[in-house]
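See structure below.
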Amino acid sequence: MICIPVADTATRDAFRSVEKSALHADVIELRMDLIADGDVAQLIAAARRASKSVKIIVTCRRQEESLIPEAGALSQKSMTKAAKMELLKKAVLSGADFIDIELAEGNKAIRQLQSLCRKQKSSTRLIVSWHDISGTPSLTGLKKIFQACAQTGANIVKIVPYARKISDNAKILSLIDYAKKQGRDVIAMCMGEKGKISRVMASSWGSFLTFAVLPGGKSSAPGQMTIRVMREFQHLLHGHERSIEAWYSLPGKSNFVLLGNPVRQSLSPLMHNRALRAMRIDGRYSAFCVSDLESAIAGIRGMNIRGASVTIPFKTAVMGYLDRIDADAAALGAVNTIVNNRGCLIGYNTDWLGLVQALKDEMNIAGETFVILGAGGTARAAAYGIQKEGGQPVIVNRTPEKGRALAARFDCPFYPMADIGKIQAAGLINTTSVGMYPQVDQALIAPAKLARYRTVMDVIYNPLKTKLLRDAEAKGCKIIMGLEMFVRQGGEQLKLWTGREAPLSLLKETVRERLMKFES
Ligand code: ATR
């Protein structure tokens with residue numbers, strides 16, 4: 001995750017930065033020691049209004065650990081410890097996702113905050129941090145500091161020293177490894193020019209997050225790079241060809257299209273146009289029923305259309321007309337998203353991402369087994385995503401040959417429908433069309449066989465709650481509706497086209513409302 005610190009001294013600027021950063025970052029950090037007289041509750045509310053998904057850290061850094069940037073020192077407020085504690089408590093009551101307190105503030109202060117969180121049944125997590133603005137201790141020293149932070153009962157430990165030598169970055173890498181082996185969440189990197197490599201590598205090494213700034217934004221510590229540079233590094237490291245740069249340089253209106261056949265029933269235009277309005281993007285999303293795919297692709301280039309969604313029956317065929325294919329889409333053999341980078345068309349797949357994100361919001365994937373019903377394109381996306389997240393897919397399909405072929409592709413087990421009861425699994429995912437409107441009273445699995453699963457997910461979103469999900473709910477399973485996957489795959493498309501977070505809750509409400517009207 002990338003975190004943008006909000007470090008403006010003027011309150012008005014801070015609000016502006018919060019709104020902007022919330023759309024670009026995964027996390028924002030409110031540096032309340034730098035924001036002149038900003039009200040933490042109001043700043044949190046502004047971030048929530050700007051983005052439903054952005055996480056918020058509230059920090060009030062001690063002067064001794066304040067990370068004065070190399071250029072243009074920011075002025076800190078002088079605050080008593082009591083005032084700082086009040087501020088952090090207010091952050092908990094205002095629903096901050098994380099509060100950061102330094103180890104040096106002492107166990108008593110840390111315990112007070114923990115007990116407030118418990119009393120309030122708050123989901124705010126505590127980051128216990130340690131900074132050294134003069135250098136990097138030995139690895140043994142860093143481990144000792146890590147243990148001291150961990151022993152306070154911190155949810156996350158943050159260790160940020162200053163790199164005097166390039167080799168200081170290696171100590172941080174070893175520290176992240178050490179923390180991970182203990183199953184602890186850690187934020188670790190080095191400050192300073194020589195520590196930049198650790199900022200780039202932090203997430204890949206396992207740091208909970210890393211910091212970056214908006215172009216022209218105020219940094220809160222030396223060595224922070226812009227979010228664009230950080231994202232590009234991350235995507236390079238992970239083999240994804242994201243396209244944020246081209247978006248930043250695009251002038252004026254941007255148009256988006258859906259290519260499929262048929263497209264009349266698609267809810268994508270409703271969802272994407274609502275998102276474009278909410279994101280204040282000057283553009284339109286239109287659906288086209290395509291009979292000649294090659295000409296349609298030429299149209300995207302010729303009319304400088306920024307992005308396209310691709311649906312049935314073109315998800316595989318379209319790959320032959322694109323200039324580049326992202327690594328995940330290539331591995332899946334299907335493209336559902338095109339980004340047009342000044343005439344260079346790049347294909348991506350967000351179906352698997354949407355499914356994984358919807359699932360991950362409800363349960364762990366790593367180490368769990370999931371039954372996948374079906375062996376078509378959606379089943380392939382599900383198996384790919386589950387495996388990528390460290391889970392174990394098991395394929396169950398009506399036609400054994402197709403089921404076995406998919407299972408062989410992912411080197412996972414296949415069971416015929418009749419043997420589904422023999423599988424021990426935490427979740428079940430239906431990727432077949434059984435239960436889709438108008439067959440709303442059909443389901444592939446008898447209700448009596450559902451109680452064994454913790455979670456049951458259906459990729460069908462019309463109806464919102466399929467018979468399978470209604471039965472599963474009655475048996476006490478957690479359920480995940482297809483709507484959740486649909487809006488997340490759409491949100492990921494918007495991110496690829498614009499480099500910005502989509503307002504997921506709004507998208508969900510928009511699609512849900514339409515489907516409810518349809519059902520009534
Ligand atoms: P998608 O790309 O949406 O996954 P698909 O490629 O047509 O769609 O795949 C649909 C899957 O649903 C297939 O695995 C199909 O099973 P078969 O392989 O036996 O054809 C499964 N499916 C569709 N209707 C079904 C039904 N009535 N009973 C059981 N499985 C069904």
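For this chain, numbers begin at 1 and follow the sequence in order. Just follow the structure's listing: the first ligand is 1, and inside any ligand the first atom is 1.
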ring-ring contact (aromatic ring centres under 6.0 Å, His included) partners for Tyr461, two or more places apart
Phe486
Near ligand 1, which residues have a heavy atom under 4.0 Å away from one of its atoms?
Gly374, Ala375, Gly376, Gly377, Thr378, Asn397, Arg398, Thr399, Lys402, Thr432, Ser433, Val434, Leu444
May I ask you to check whether Thr455 and Glu362 show a side-chain donor-acceptor distance below 3.5 Å?
no
Report yes or no: do Tyr384 and Asn349 form a side-chain donor-acceptor pair below 3.5 Å?
no
Residues Glu473, Arg470: salt bridge by 4.0 Å N-O rule
no
Pair Glu484 + Lys508, salt bridge at N-O below 4.0 Å:
yes
Are any non-hydrogen side-chain atoms of Phe414 and Asn397 less than 4.5 angstrom apart?
yes
